[in-house]
Amino acid sequence: MEKTYQPEQIETRWYERWEADNRFAPTGRGKPFSIMIPPPNVTGSLHMGHAFQDTIMDTLTRWKRMQGNNTLWQVGTDHAGIATQMLVERKIAAEEGKTRHDLGRDAFIDKVWEWKEESGGHITRQLRRMGASVDWSRERFTMDEGFYKAVQEVFVRLHEEKLIYRGKRLVNWDPTLHTAISDLEVENREQQGSFWHFRYPLADGVKTADGKDYVVVATTRPETLLGDTGVAVNPEDGRYASLVGKFIELPLVGRRIPIVADEHADMEKGSGCVKITPAHDFNDYEVGKRHNHLLINVFTKDATILERAEIFDLKGQPQPDEDTTLPTKYAGLDRFEARKQIVADMDALGLLEQEESVNNTLPYGDRSGDVIEPLLTDQWFVAVETLAKPAIEAVANGSIQFVPRNYENMYFAWMRDLQDWCISRQLWWGHRIPAWYDVEGNVYVARSEEEARENHGLGADVALTQDEDVLDTWFSSGLWTFGTLGWPEQTPELETFHPSSVLVTGFDIIFFWVARMIMMTLKFTGEVPFKTVYVHGLVRDGQGQKMSKSKGNVLDPIDLIDGISLEALLEKRTGNMMQPQKAKAIAKATRDEFKDGIEAHGTDALRFTFLSQATTGRDIKFDMNRLDGYRNFCNKLWNASRYVLMNAEGEDCGTGGEEVELSLADRWIISQLQKTEAQITRAMDEYRFDHASQALYEFVWNEYCDWYLELSKPVLWDVHATLEAKRGTRRTLVRVLEAILRLAHPMMPYISEEIWQRVSPLAGTYMGEGASIMHQAWPEADESKIDEQATRDIEWLKGVIIAVRNIRAEMNIAPGKPLDVLLTKGQPEDAERLESNRRFLAKLAKLESATWLANPDDAPLSATQLVGDMEVLVPMADLIDKDAELARLAKEIEKQDKLIGGIEKKLGNDGFIAKAPVAVVEKERSKLAEFQAAKQLLEEQQAKIAAL
RNA sequence: AGGACCAUAGCUCAGUUGGUUAGAGCGCCACGUUGACAUCGUGGAGGUCGGCGGUUCAAAUCCGCCUGGUCCUACCA
């Protein structure tokens with residue numbers, strides 16, 4: 001073995017081997033366990049959030065596989081409609097100077113497929129680097145033929161049940177991308193804006209109660225004035241009661257619009273009057289509905305002003321008889337230009353009462369960066385109310401459990417307040433809506449054009465055209481768990497692996513994906529999509545900032561694995577930026593944080609870091625220092641294994657079941673191993689990967705390496721040790737290490753496999769050529785091997801060793817100088833303990849001799865330490881530093897005093913004695929006795945030294 | 001504005017049903033090249049558990065208020 005751990009030499013090799021040996025596929029034996037990967041964007045690349053999530057899924061999968069489950073981790077990618085389309089549009093613009101419209105729909109779609117073929121492997125290659133044990137033979141893509149079938153089927157069936165309908169409604173419109181987008185794709189950003197207070201003149205000579213011939217309304221979007229259909233006042237508002245039913249003469253437009261009473265108007269806000277623009281505001285739409293207003297749309301799809309308004313009733317029917325006149329001067333103006341112009345014109349008319357500066361939050365499209373406009377368009381919707389009921393029930397009755405539990409509240413909160421879901425997108429890349437129109441605009445929903453004709457008796461002479469729009473990506477990903485298993489066919493996979501066992505996902509998409517999956521899956525399979533939802537936090541940078549390309553703080557997991565030079569990192573972060581002006585600041589921040597670039601750490605260390613940070617919190621501040629630490633941990637494990645192999649290979653390890661003699665250390669480490677196995681299994685059961693990783697770390701480093709390996713040396717290097725003793729120690733060394741490797745494997749697959757291949761033959765668990773740790777049994781704790789006596793004895797031994805080391809450090813005695821040590825007082829068994837552990841003591845504490853002193857009064861002048869109530873004495877007649885020792889003792893006594901004081905206070909409290917459980921009181925009393933005894937011994941020692 | 005979550009060592013985080021001498025890793029200080037490992041070893045320093053109040057014999061832990069932070073919803077007249 002190499003002297004240090006070199007991950008790059010083993011990782012890729014092992015992954016290729018596992019994949020070639022088809023180790024990832026379900027075995028077909030055991031209880032089914034399945035995880036469906038949350039599909040990443042096919043043309044995207046792996047970010048830290050993916051890497052984190054994939055680590056958790058792989059750890060679960062490998063663990064369940066080792067436990068003998070029939071395990072499927074199914075992988076796949078998402079077509080990510082808008083993101084992918086934009087990417088390809090930008091690419092053809094750059095390379096060919098063309099738009100998608102220049103190419104036409106079919107040619108453009110071909111381009112997207114080409115790009116998918118070219119770049120689609122990127123993210124799956126990265127997944128492989130992370131060690132993901134996914135069944136590649138079952139890889140799925142949301143645009144696959146089979147999956148598209150499922151999508152169509154769902155659409156058609158929902159439509160048949162009238163749970164999908166088409167309507168003219170307000171949606172979040174992205175004027176740059178020309179499509180509706182979901183709430184998820186809207187980012188609310190706060191900023192400085194203006195609030196314009198306008199005077200709206202009353203028609204017909206009407207006056208307000210205080211004699212004015214106008215009312216004041218305020219708006220942040222003056223351009224929507226053109227589409228106003230009324231002014232609302234609160235029904236309780238005495239100031240305006242007389243105006244209800246009267247009219248306004250809408251400035252600039254001249255339209256007569258009514259004043260209505262509606263509780264949407266808040267008496268406290270502004271003047272208490274609010275303008276109503278049902279076609280351009282979600283709240284106003286509701287108000288308009290209550291008062292039967294028309295919808296007056298004044299925007300084009302580019303959010304410029306129309307020449308003539310488009311007027312519809314609330315059912316979306318055009319109203320050809322209405323007056324659509326708009327002022328000609330605004331026609332064609334961009335909404336923000338129109339805003340300026342309208343403000344200026346109102347001002348010129350003396351109707352601008354005030355311009356107020358306010359902070360307000362505006363919706364932005366997260367892809368385009370454009371301000372989202374509520375716009376009236378024809379869209380397809382899912383009526384979610386009936387779907388939501390069983391979905392709420394499934395979580396309420398425990399069929400689906402969230403981990404951590406508190407996310408269930410978030411789920412319920414959202415589910416209780418559902419809006420119908422707009423599923424159509426004005427894109428080209430995606431699942432085209434299975435609906436056809438004839439020339440009259442009648443719509444036929446079917447699985448194909450043929451079926452549409454058949455079902456509706458339409459002859460070949462009737463021209464049909466398919467809906468131009470595609471479905472929201474979340475619509476198809478809502479079908480992910482069952483659509484990928486072959487539904488609507490009743491496949492064996494569907495039978496075996498659905499419902500899936502666990503969904504691993506971030507809390508940010510609970511609403512958009514998790515909730516919709518639950519609704520759709522219950523509806524179409526009658527089953528929940530998954531039994532458990534493990535919700536993790538968001539990976540942030542070391543400062544707690546969200547990682548984003550525009551902030552220039554993203555880390556590529558692969559760079560943490562392989563390392564990257566500062567230059568390459570700078571290029572990655574500042575090259576090809578959307579906002580080049582930020583490059584300088586980003587470069588500086590990057591130089592400050594990574595002045596020498598990033599070292600290679602290997603996949604296992606990265607995975608272990610993620611797991612150790614997988615706590616129940618919502619933010620995961622990625623910690624480079626911990627990454628370093630866990631790389632070191634890998635090295636520790638590596639070197640411990642080197643030691644074991646050096647001492648075991650070619651030696652008698654008792655593989656054949658030969659007689660052995662187990663030392664105290666052997667019995668102790670075996671006992672500790674059982675506890676660790678139980679601990680790790682429990683932590684995994686509870687999804688506490690931080691606890692699991694810590695338990696492993698602790699056992700490997702602080703018990704196996706720090707103590708057991710050291711304790712094995714006196715046996716192995718002792719020429720007088722019996723054959724059985726040496727065999728016993730070697731057997732324990734290799735068996736415990738072999739178990740460690742199996743425990744580590746789900747978390748650190750590569751290093752555990754690499755070492756296991758060498759260790760397992762020695763441990764007698766080798767299954768022959770071609771065996772892999774991947775399919776070995778998960779270690780089960782054996783209670784009968786827990787040896788509390790051994791634990792106590794080792795604790796005693798450690799106590800003595802630490803006491804001597806402590807004296808050395810405090811007294812400035814060279815670490816290598818052999819010492820003569822005396823033990824005295826203590827318990828009757830302590831003398832025996834000394835006898836049976838002399839060789840361990842001698843080696844680990846570097847003693848010349850260790851002697852039991854029957855009569856404490858015979859003790860020479862010494863530096864002392866307490867181990868329980870036993871004294872460890874290092875005679876120091878010649879070299880004692882009186883002051884140092886007195887100072888040390890004083891400190892110790894002070895510490896004891898503090899403890900004693902605390903307990904005395906407790907015991908002095910009558911209420912405590914009367915009300916606390918007896919066991920608690922007893923415990924305090926025995927602690928008090930212990931501390932007092934210790935203090936007494938220290939004081940005796942202090943007196944002795946002081947008398948010098 | 002409403003709601004949720006969070007606040008523990010210099011940093012990143014654990015801390016079960018209230019009873020622990022409040023822990024870990026990293027960092028820091030001192031010492032150390034014995035044959036697994038300097039990606040290491042040994043020893044050590046460092047916390048009034050955000051603040052105030054309450055419940056209790058007992059609070060890091062339960063409750064209330066305050067401060068600070070994050071997120072969601074809403075407002076965006």
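Everything numeric here is computed off the predicted structure, so don't read it as measured data. Naming: A, B, ... by sequence-line order, numbering from 1 per chain.
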Enquirer: I want to verify a distance call: between B:rG41, B:rA14, B:rU20, whose nearest atom is closest to the A:Glu924 side chain?
Expert: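 Given the options B:rG41, B:rA14, B:rU20, the side chain of A:Glu924 is closest to B:rU20.
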Enquirer: Between B:rC26 and B:rC65, how far apart are the two P atoms, rounded to whole Å?
Expert: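 Pairwise P distance, B:rC26 against B:rC65, rounds to 41 Å.
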Enquirer: What is the base-pairing partner of B:rG43, counting Watson-Crick and G-U wobble geometry with both distances under 3.5 Å?
Expert: B:rC29
Enquirer: Could a donor-acceptor pair under 3.5 angstrom be found where the side chain of A:Arg805 meets the base of B:rU42?
Expert: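 Such a pair does not exist between side chain and base.
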Enquirer: Using the C1' atoms only, state how far B:rA4 lies from B:rA9, rounded to an integer number of Å.
Expert: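 Between the two C1' atoms, the distance is 29 Å.
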Enquirer: Is the phosphate of B:rC40 approached by A:Asn632 (side-chain N or O, under 4.0 Å from OP1 or OP2)?
Expert: yes
Enquirer: Is any side-chain nitrogen or oxygen of A:Lys546 closer than 4.0 Å to OP1 or OP2 of B:rC71?
Expert: no
Enquirer: For B:rG18, give the paired nucleotide (Watson-Crick: N1-N3 plus N6-O4 or O6-N4; G-U: N1-O2 and O6-N3; both under 3.5 Å), or none.
Expert: none
Enquirer: Indicate whether the side chain of A:Tyr630 and that of A:Ser693 have a donor and an acceptor atom separated by less than 3.5 Å.
Expert: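 Result is no, nothing qualifies.
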Enquirer: What is the base-pairing partner of B:rC49, counting Watson-Crick and G-U wobble geometry with both distances under 3.5 Å?
Expert: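 Here B:rC49 is not engaged in any pair, so there is no nucleotide opposite it.
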Enquirer: Compare the minimum distances between each of B:rA36, B:rG41, B:rG43 and the side chain of A:Asp706, then state the nucleotide with the smallest one.
Expert: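 That would be B:rG41.
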Enquirer: Does B:rG32 have OP1 or OP2 under 4.0 Å away from a side-chain N or O of A:Lys817?
Expert: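 Looking at the OP1 and OP2 atoms of B:rG32, neither is under 4.0 Å from any side-chain N or O of A:Lys817.
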Enquirer: Taking only the C1' atom of each, what is the distance from B:rG19 to B:rA24 in whole angstrom?
Expert: 23 Å
Enquirer: Choosing from B:rU12, B:rC57, B:rU70, which nucleotide comes nearest the side chain of A:Arg618?
Expert: B:rU70
